[in-house]
Amino acid sequence: GRALERDQPFRPPPGWVLAGRVSPEHDVQLTLALRQRGTARLTRLVRAVSEPRSPQYGKYLSVEQLRDVVQPSPATLMAVLKWLQSHGVEDCRSVATLDFLECRMPVSTAERLLPGAEFHRYVKGQRSVIRSPQPYVVPEELAEHIDFVGGLHRFPAERSVVSRAWAKEGMESRGQRAA
Amino acid sequence: FHLGVMPSVIRKRYNMTREDIGVLPNNSQACAQFLEQYFHQADLAVFMKLFGSGFAHRTEVDHVVGHQGQGRAGLEASLDVEYIMSTGANISTWVFSNAGRHESQEPFLAWLLLLSNMSALPWVHSVSYGDDEDSLSQAYLQRVNVEFMKAAARGLTVLFASGDDGAGCRRVPGGNHTFRPSFPASSPYVTTVGGTSFKNPFMVTAEVTDYISGGGFSNVFPMPDYQADAVRTFLRSAPKLPPSSYYNSSGRAYPDLAALSDNYWVVTNRLPLPWVSGTSASTPVVAGMLALINDRRLQRGQPPLGFLNPALYRLRERGHGGALFDVTQGCHLSCLDGTVQGQGFCAGPAWDAVTGWGTPNFPLLLRALTAP
């Protein structure tokens, strides 16, 4: 298979503690980012509708028109659905633009579907997430149809960018010490 | 004289009058939360009671998309809602609450899926969240960037906070330092908001850089055409730049503009809290103003602003240079090493990598962005 995100570091943010493997029957929800068609056309469209000098300025697309530009090719949809069905994955839902699939499946299925993935639970206070510290691969013939699979490596946002003044003072004093 | 930034201070500094409020029922604005950051309607009501005199405003969020928890209010959520509704006053406001309902969901991805799945969305979105660009895979970065292009094609204005670590810092193999850009701030298809402080912290004065204001150059996304002239002018004319080994001068440069980010008052869990700072504060302030400009555009039969940057970077050449207060003093943080000694980029005339084009002068920005 091919690793779609070989360069994705796995870094549990501070405070998240490993709480062990997740049982094979437990459900996970994975998000498959399907390869879009028409991204070059989308680039041109964005330029045309956003550039005030363009005659198309402000002529924005509806979600249906956007779907017609970016929806994956029939070959992509066919290949991905066939792959999912061959692993018994049927609880999937798409979005209006047809370029994402959210699928729910037991951990055992997910680990067969994405060889390499190993689902573990991490906890922080009352919160709990399921992630894989190991990289996943997809079958070689699927690699051209999927951009990445979400729900394996990235943790919930830890960094909203609000800070308190006292924290800034801390940075300032660190800066002064360094100077 | 004031004891911290509150709506009256922002509205005075940016020349917003009591008439500068939304009037259209079909205009809306939104902020997105990704932590278990819940806002409380009661906090908003207390905030507006304490700080909302002087302009007509709403005291309730109209629409929460996602799960609204019952726990303690989060500072980020309180800040975002209270300030987007202070500059985008009297405009219908949505909150996207994406804490991640399932243990294996990525909350940020869940928000992107919502955008791809809803046919009717607010025109302006404010997001105060970021990751280090180098902490994300290329496949993820490129695809999320396409998601912002999709939003732009639909006419959505998506604003991201530029971050609170200045230019950032990272040790690369070999032991040297480089700056550390933040994503989505570094996406060429979002508008990124930096931060400023008052020159005199207790008066409504001119602004200087807030030294935490995130800014710099992407190591992933090339510089888009719309900003090439402005950024090259900055690189050519800045009196002092960090060594070129610290940043990728051909990358997408940010922020695009800025607003006050220091010393805000926020009501959270019904308590007024002073000294809240960060580009989390400046971003909803700008978002609310852009929603208000959309209100005026829609009244005139013009389309909403959509992806702002191509228009923003042309304001000067179209004779609207006064639409933003140029912030020219101060520098932001970076690596604490012997070479740059904690200093990243510095502000200067026109666009710079700390405050972008500067901060809004609302009436002139409104005039510029509603001009035929």
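Chain identifiers are assigned alphabetically (A, B, ...) following the order of the sequence lines, protein sequences preceding nucleic acid strands; residue numbering begins at 1 within each chain.
Judged purely by distance below 3.5 Å, without hydrogens or angles, the side chains of B:Gln138 and A:Glu5 never pair a donor atom with an acceptor atom. For the residue pair B:Gln33/B:Asp80, the side-chain donor-acceptor check at 3.5 Å is satisfied. Residues B:Ser280 and B:Glu76 have side chains that bring a donor and an acceptor to within less than 3.5 angstrom of each other. Inspection of the B:Ser282 and B:Ser261 side chains reveals no N or O donor paired with an N or O acceptor under 3.5 Å.
In summary, the aromatic rings of B:Phe34 and A:Phe155 are positioned with their centroids too far apart to meet the 6.0 Å limit. In this structure, the ring of A:Tyr136 has its center less than 6.0 angstrom from the ring center of A:His153.
At a threshold of 4.0 Å, the pair B:Lys150-B:Glu147 counts as salt-bridged, since one of the basic side-chain nitrogens sits closer than that to a carboxylate oxygen. Look at A:Arg121 and B:Glu103 and you find a salt bridge, because one of the NZ, NE, NH1 or NH2 atoms lies within 4.0 Å of a carboxylate O, short of that distance. In this structure, A:Arg21 pairs ionically with A:Glu118, as a charged nitrogen and a carboxylate oxygen lie closer than 4.0 Å.
Contacts of B:Phe108 with chain A are absent, with no heavy-atom separation under 4.5 Å from either backbone or side chain. Only the backbone of A:Leu152 comes within contact range of chain B, with at least one heavy atom under 4.5 Å from a heavy atom of that chain. Heavy atoms closer than 4.5 Å to chain B are found in the side chain of A:Val70, but not in its backbone. Contacts of B:Pro224 with chain A are absent, with no heavy-atom separation under 4.5 Å from either backbone or side chain. With a threshold of 4.5 angstrom between heavy atoms, B:Asp225 approaches chain A through side-chain atoms but not through N, CA, C or O. At a 4.5 Å heavy-atom cutoff, the contact between A:Arg131 and chain B is made by side-chain atoms alone. Of the two parts of B:Gln341, neither the backbone nor the side chain holds a non-hydrogen atom closer than 4.5 Å to a non-hydrogen atom of chain A. Heavy-atom distances place the side chain of B:Leu109, and not its backbone, under 4.5 Å from chain A. Using a 4.5 Å cut-off between heavy atoms, B:Tyr226 does not touch chain A at all. In this structure, chain B has no heavy atom under 4.5 Å from any part of A:Gln65. A:Ile146 does not touch chain B: none of its heavy atoms, backbone or side chain, sits under 4.5 Å away.
At a heavy-atom cut-off of under 4.5 Å, chain B is reached by A:Ser94, A:Val95 from residues 85-95 of chain A, listed in order of number. Residues of residues 37-62 of chain A that come within less than 4.5 angstrom of chain B, heavy atom to heavy atom, are A:Thr39, A:Leu42, A:Thr43, A:Val46, A:Arg47, A:Val49, A:Ser50, A:Glu51, A:Pro52, A:Arg53, A:Tyr57, A:Gly58, A:Tyr60, A:Leu61 in numerical order.
No more than 12 heavy-atom neighbours from other residues, nucleotides or ligands sit within 6.0 angstrom of CD on A:Gln126. For A:Arg6, the CZ atom counts as loosely surrounded, since its 6.0 Å shell holds 12 or fewer non-hydrogen atoms of other residues, nucleotides or ligands.
The minimum heavy-atom distance linking B:Ser182 with B:Gly130 is given by the pair OG-CA, 4.1 Å.
Of all the listed residues (B:Gly338, B:Gly342, B:Ser116), the one sharing the greatest number of non-hydrogen pairs under 4.5 Å with chain A is B:Ser116. Heavy-atom pairs under 4.5 Å with chain A peak, among B:Leu305, B:Leu308, B:Asn309, at B:Leu305. Contact tally against chain A (heavy-atom pairs below 4.5 Å) for B:Ser135, B:Ala152, B:Gly74: the top residue is B:Ser135.
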Salt bridge (Lys or Arg N to Asp or Glu O under 4.0 Å) assessment of B:Arg180 paired with B:Asp165
CA-CA 9 Å; B:Arg180 188 168 219 172; B:Asp165 298 319; over 6 Å; no
Show the numbers, then the answer: is there a side chain to side chain donor-acceptor pair (under 3.5 Å) between B:Asp256 and B:Thr191?
CA-CA 6 Å; B:Asp256 300 303; B:Thr191 298; 4.7 Å; no
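Checked against ring-ring contact (aromatic ring centres under 6.0 Å, His included), B:Tyr254 has no partners two or more places apart in sequence or in another chain. The ring-ring contact (aromatic ring centres under 6.0 Å, His included) search around B:Tyr140 returns A:Phe148, not counting sequence neighbours.
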